[in-house]
Amino acid sequence: MATTLHPSSIVLVPTSVKEAKPRTTNSSQKLLANCKTLNELKQLHCDMMKKGLCHKPSGHFNKLVAACVQIGTLESLDYARNAVQDDGVSMPSLYVYNCLIRGYASAGLGEQAILLYIQMVVMGMVPDNYTFPFLLSACSKTMKLWEGVQVHGTAVKMGLDGDTFVSNSLIHFYAECGKVELGRKVFDKMLERNVVSWTSLINGYAGRDMAKEAVSLFFQMVEAGVEPNPVTMVCVISACAKLKDLELGKKVCAYICESGVELNALMVNALVDMYMKCGDICSARRIFEECTDKNLVMYNTIMSNYVYHGWAGDALVILDEILRKGPRPDKVTMLSTIAACAHLGDLSVGKSSHAYVLRNGLEGWDNILNAIVDMYMKCGERGAACKVFEHMPNKTVVTWNSLIAGLVRDGDVESAWRIFDEMQERDLVSWNTMINALVQASMFEEAIELFREMQNQGIEGDRVTMVGIASACGYLGALDLAKWVCTYIEKNDIHMDLQLGTAVVDMFSRCGDPSSAMHVFRRMEERDVSAWTAAIGVMAMEGNTEGAIELFNEMLKQKVKPDDVVFVALLSACSHGGSVDQGRQVFWSMEKTHRTSPQIVHYGCMVDLLGRAGLLEEALHLIQSMPMEPNDVMWGSLLAACRKQKNVELAHYAAEKLTQLAPERVGVHVLLSNIYASAGKWTDVARVRLQMKEKGVQKVPGSSSIEVHGLIHEFTSGDESHAENTQIELMLQEINCRLSKIGYVPDTTNVLLDVDEQEKEHLLSRHSEKLAMAYGLITTAQGKLQLETITGIIFSRKDIVLVEIIGNGFS
DNA sequence: GTAGGGTTAG
């Protein structure tokens with residue numbers, strides 16, 4: 001044995017036990033404490049046993065257990081526990097139990113720690129004020145609230161709840177279990193609070209989405225005269241990072257500078273993270289560069305923040321730096337790297353990262369495999385993703401979510417929905433992924449139905465859910481639902497951030513409620529160019545050119561830089577408002593004032609604007625003179641204008657161009673046939689329709705929907721499928737009767753079918769919008785009233801029929 | 001002895 005012993009211990013082995021006993025005791029204990037590995041320790045233990053030195057509950061034995069805990073591996077902890085339990089006769093000391101409980105707790109093996117506690121109590125030992133903090137830390141890691149509460153109860157019974165250490169641990173424990181308010185109660189009852197008490201509660205708030213409370217508690221602490229230490233600083237800085245509040249972060253930084261607390265690596269890292277989360281990259285980089293002992297965590301912080309902000313390329317630049325001069329990348333580095341690859345669609349780096357993960361045995365960590373599945377899906381490598389997925393031993397909800405999101409991106413909503421249905425466990429992200437997938441696939445009613453199902457299962461929507469639902473609602477034009485969405489957001493205290501605010505503005509705009517849209521817009525805390533575009537879109541929807549231009553000028557005043565899209569909204573406002581001059585002005589100002597060249601889409605807007613105004617020649621000239629090749633949209637737009645102006649010759653030319661560019665476009669045939677029809681050229685109509693039939697092109701029938709009591713009812717022209725068709729039929733007769741009484745004569749020029757006048761009138765009386773309106777009139781109280789008074793618009797959709805009626809003297 | 005940094009999916 002002695003030959004393999006650590007050299008220094010050989011020197012200290014006594015020659016005579018009697019002579020050296022006092023010295024040996026101290027030296028052996030010192031040796032135990034210095035052991036770096038379990039093997040070293042085992043040998044020493046064996047040696048001491050031979051000399052009869054290591055009996056329970058001697059000081060030697062205590063030190064042995066402490067040394068095992070110090071080493072901290074699972075093996076060393078089990079070795080100590082076996083030593084404690086070996087004879088089952090002699091009683092180990094309380095110190096030994098405390099030590100072991102602490103060891104298991106800090107190794108993350110809370111269950112074992114709790115078992116030891118139970119064993120100790122069963123043996124009749126009385127826990128002390130050291131036992132509880134260790135045990136509570138074990139409980140918080142395994143997140144069992146009821147176990148912690150029992151410990152709390154015992155501590156109270158034993159009169160130890162007044163102990164500062166015990167109370168501090170209780171605060172931490174409750175916060176970890178998500179019950180920070182219980183931690184607050186403990187804090188409030190404390191007679192003596194130290195810096196750890198404050199820090200524990202600050203950290204509890206910061207970690208539970210109550211970062212505001214955390215920062216305010218920090219300033220209360222300073223006011224109370226308690227000096228914060230580096231740990232407190234780290235907690236409060238990370239609270240500022242969570243709030244993304246740069247001003248507050250700077251205030252805390254200023255305090256740190258004043259107080260003279262020395263920066264340690266953790267604080268530097270927290271500061272770098274805070275500055276990056278607040279968007280102040282320069283300050284973050286400066287602090288990082290100035291730090292003389294950069295560690296991997298700091299690199300990881302910068303990388304993950306770059307990925308978070310969507311600057312995946314910059315993240316990979318940092319990776320290069322790590323590989324050149326930094327420490328070896330670890331699993332967190334690789335997680336950010338893989339996420340960056342997913343973002344960039346960089347399959348090559350993605351694949352080598354996957355290989356690195358496998359080579360370095362990092363694949364045991366579920367998160368990294370999830371990220372790999374996600375990366376392959378985002379790089380379009382469905383096969384590779386599925387292969388990793390199939391071999392994953394622990395598929396979590398995140399894994400499934402990545403998969404369904406990937407399928408959705410692939411456009412395979414059907415598969416995504418099937419997997420979603422089969423999922424054993426769904427979280428909010430699963431629901432949001434699926435709801436937004438349906439919205440993207442224009443399956444708006446299904447999206448709303450799924451949202452209802454989600455609520456039925458007791459899950460409430462968040463910001464992301466509501467962005468999807470607001471968008472679905474807008475496309476459906478369901479105003480009642482839109483109002484409900486707005487109330488839901490308020491009631492559930494969902495933060496109206498830029499994205500949600502913009503979605504809600506757009507929703508009201510599409511539902512034909514401009515005043516609600518503008519009300520929401522005016523209340524938005526922050527407005528970017530997309531938000532302004534949505535508001536300008538409200539004006540466009542109303543054909544309010546002046547309003548749109550005013551908003552645009554206001555936007556410029558607030559130093560928001562216009563982008564391509566806002567000009568589209570602006571031009572469309574001019575177009576809908578029939579404001580040709582303003583439209584031209586906006587168009588030319590793009591280059592002159594805003595130094596941006598009009599894109600093809602802007603030329604398209606101009607063609608639309610000129611076409612609607614009947615300036616077909618000017619529109620054609622613009623198409624012919626623009627610096628890029630005209631696309632099918634422009635010709636389509638011109639064609640539509642020709643139809644309105646009944647210019648068959650130009651229509652023919654535009655249609656030809658259009659067919660060359662997009663032979664598959666259904667609209668061309670339909671429009672062309674309609675143009676021929678309106679000019680009475682029925683032989684040409686027949687020819688086009690025959691062509692359509694030959695090519696297998698079918699017009700998707702137009703439909704109108706109406707929302708009644710929160711349900712959407714959809715009608716197509718001549719639709720008789722509705723359950724209440726008989727009543728609808730009666731109402732149509734009633735409407736027609738009333739209309740003719742006041743002298744209404746249907747305008748049949750838009751019925752582009754080769755049928756006689758009577759048939760045209762019949763078709764017109766049953767087109768989809770009229771059916772939807774008739775249904776609205778019989779099903780809503782407001783509708784019934786409307787029939788009697790007919791004073792305004794009862795529909796959420798702008799309704800041609802209604803315009804027709806009002807235009808004929810109904811209002 | 002109690003409190004502290006970077007972590008995937010929508």
Side-chain angles (χ1 to χ4, degrees), chain A residues 95 98-99 101-102 105-106 128-137 140 163-173 175-176 183 194-204 206-207 228-239 241 264-274 276-277 295-305 307-308 330-336 338-339 342 365-375 377-378 396-406 408-409 416 427-437 439-440 462-465 467-468:
Chain A
Y95 171 84
N98 283 346
C99 234
I101 291 171
R102 176 181 161 222
S106 53
D128 65 0
N129 56 342
Y130 280 74
T131 318
F132 290 115
F134 299 150
L135 193 60
L136 283 163
S137 128
S140 65
D163 182 90
T164 307
F165 285 86
V166 174
S167 298
N168 290 349
S169 303
L170 281 167
I171 295 169
H172 174 71
F173 167 76
E176 283 283 299
N194 62 13
V195 61
V196 180
S197 324
W198 288 89
T199 306
S200 298
L201 192 60
I202 288 171
N203 196 42
N229 66 16
V231 183
T232 323
M233 293 305 189
V234 169
C235 296
V236 74
I237 296 165
S238 81
N264 65 15
L266 275 88
M267 283 169 77
V268 171
N269 186 60
L271 283 171
V272 169
D273 188 50
M274 185 271 289
M276 287 202 90
K277 293 240 154 71
N295 61 26
L296 186 60
V297 175
M298 289 180 206
Y299 280 110
N300 288 347
T301 301
I302 294 205
M303 266 189 89
S304 68
N305 273 295
V307 175
Y308 173 83
D330 70 352
K331 55 186 185 175
V332 181
T333 324
M334 293 325 289
L335 196 63
S336 291
I338 293 163
W365 192 40
D366 294 342
N367 291 358
I368 213 145
L369 288 179
N370 286 340
I372 290 171
V373 169
D374 186 56
M375 181 270 294
M377 282 306 266
K378 282 188 180 147
T396 64
V397 66
V398 177
T399 327
W400 292 96
N401 289 348
S402 291
L403 195 71
I404 57 172
V408 169
R409 268 190 304 272
D427 67 359
L428 188 56
V429 176
S430 326
W431 289 96
N432 286 349
T433 308
M434 207 53 236
I435 288 172
N436 282 301
V439 174
Q440 271 164 38
D462 71 349
R463 216 176 40 76
V464 183
T465 327
V467 170

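Order of the sequence lines fixes the chain letters, A, B, ..., with proteins taken first and strands second; residue numbering starts at 1 for each chain. Keep in mind that the numbers below use all heavy atoms, side chains included, and drop hydrogens, waters and symmetry copies.
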Notebook entry, point to check: Rounded to whole angstroms, how far apart are CZ on A:F173 and P on B:dT2?
Noted result: 17 Å
Note to self: With a 4.0 Å cutoff (strictly under), does any side-chain N or O of A:H172 reach OP1 or OP2 of B:dA3?
What the structure shows: yes
Next item on the list: Could you check whether A:D374 gets within reach of a base, just the sugar-phosphate, or nothing at all, counting any heavy atom under 4.0 Å?
Entry: sugar-phosphate
Notebook entry, point to check: Would you find a donor on one side and an acceptor on the other, under 3.5 Å apart, between the side chain of A:S336 and the backbone of A:T333?
Noted result: no
Check: Out of B:dA3, B:dT8, B:dG5, which nucleotide sits closest to the side chain of A:V231?
Finding: B:dA3
Notebook entry, point to check: How is A:A437 classified with respect to the nucleic acid when contacts are heavy atoms under 4.0 Å: base, sugar-phosphate, or nothing?
Noted result: nothing
Check: Given side chains that start at C-beta, do those of A:V231 and A:N203 come closer than 4.5 Å, heavy atoms only?
Finding: no
Margin query: Can you tell me which nucleotide in B:dA3, B:dG5, B:dA9 comes closest to the side chain of A:V398?
Written below: B:dA9
Notebook entry, point to check: So which nucleotide from B:dA9, B:dT2, B:dG4 ends up closest to the side chain of A:S402?
Noted result: B:dA9
Note to self: Without decimals, in angstroms, what is the distance between A:F165 CZ and B:dA3 C1'?
What the structure shows: 11 Å
Notebook entry, point to check: Any side-chain donor paired with an acceptor under 3.5 Å for A:N401 and A:D427?
Noted result: yes
Margin query: Mind checking if A:Y299 touches a base, just sugar-phosphate, or nothing, with heavy atoms under 4.0 Å?
Written below: nothing
Notebook entry, point to check: For A:R409, which contact category applies under a 4.0 Å heavy-atom criterion: base, sugar-phosphate, or nothing?
Noted result: sugar-phosphate
Check: Across the strands shown, which category fits A:D462 at heavy-atom distances under 4.0 angstrom: base, sugar-phosphate, nothing?
Finding: base
Checklist line | Nearest listed nucleotide, side chain of A:N367, among B:dA3, B:dT2, B:dT8 | finding: B:dT8
Next item on the list: Mind calculating the distance between CG (A:L201) and P (B:dT2) to the nearest angstrom?
Entry: 18 Å
Notebook entry, point to check: Starting at CH2 of A:W431 and ending at C1' of B:dA9, how long is that distance when rounded to a whole Å?
Noted result: 17 Å
Notebook entry, point to check: Can you name the salt bridge (Lys or Arg N to Asp or Glu O under 4.0 Å) partners of A:D374, sequence neighbours left out?
Noted result: A:K378, A:R409
Checklist line | Closest to the A:S137 side chain, choosing from B:dA9, B:dA3, B:dT8 | finding: B:dA3
Margin query: Distance check needed: B:dT2 C1' versus A:E176 CD, whole Å only.
Written below: 13 Å
Note to self: Need one value for A:D427: base, sugar-phosphate or nothing, where a base atom within 4.0 Å counts as base even if backbone is also close, heavy atoms only.
What the structure shows: base
Margin query: Using a 4.0 Å heavy-atom cut-off, does A:S200 contact any base of the nucleic acid, only the sugar-phosphate backbone, or nothing at all?
Written below: sugar-phosphate
Next item on the list: Grab the CE-C1' distance between A:M298 and B:dG4 for me, whole Å please.
Entry: 13 Å
Notebook entry, point to check: How is A:N98 classified with respect to the nucleic acid when contacts are heavy atoms under 4.0 Å: base, sugar-phosphate, or nothing?
Noted result: nothing
Note to self: By the 4.0 Å heavy-atom rule, please label A:A405 as base, sugar-phosphate, or nothing.
What the structure shows: sugar-phosphate
Check: Out of B:dG4, B:dT2, B:dA3, which has the shortest distance to the side chain of A:N229?
Finding: B:dA3
Item checked: A:L335 side chain, from C-beta outward: closest of B:dT8, B:dT2, B:dG5 -> B:dT8
Next item on the list: To the nearest Å, give me how far apart CG (A:N203) and P (B:dT2) are.
Entry: 15 Å
Check: Are A:M298 and A:V272 side-chain neighbours, meaning at least one heavy-atom pair lies under 4.5 Å?
Finding: no
Notebook entry, point to check: For A:M377 and B:dT8, what is the distance between atoms CE and C1' respectively, to the nearest whole Å?
Noted result: 15 Å
Check: Are A:D273 and A:S238 side-chain neighbours, meaning at least one heavy-atom pair lies under 4.5 Å?
Finding: no
Item checked: Donor-acceptor side-chain pairing of A:T164 and A:S167 below 3.5 angstrom -> no
Next item on the list: Would you indicate which nucleotide in B:dG4, B:dG5, B:dT2 comes nearest to any side-chain atom of A:A265?
Entry: B:dG5
Check: Should A:N168 be listed as having a side-chain N or O under 4.0 Å from OP1 or OP2 of B:dA3?
Finding: no
Margin query: From C-beta outward on A:C235, which listed nucleotide comes closest to its side chain: B:dT2, B:dA9, B:dG4?
Written below: B:dG4
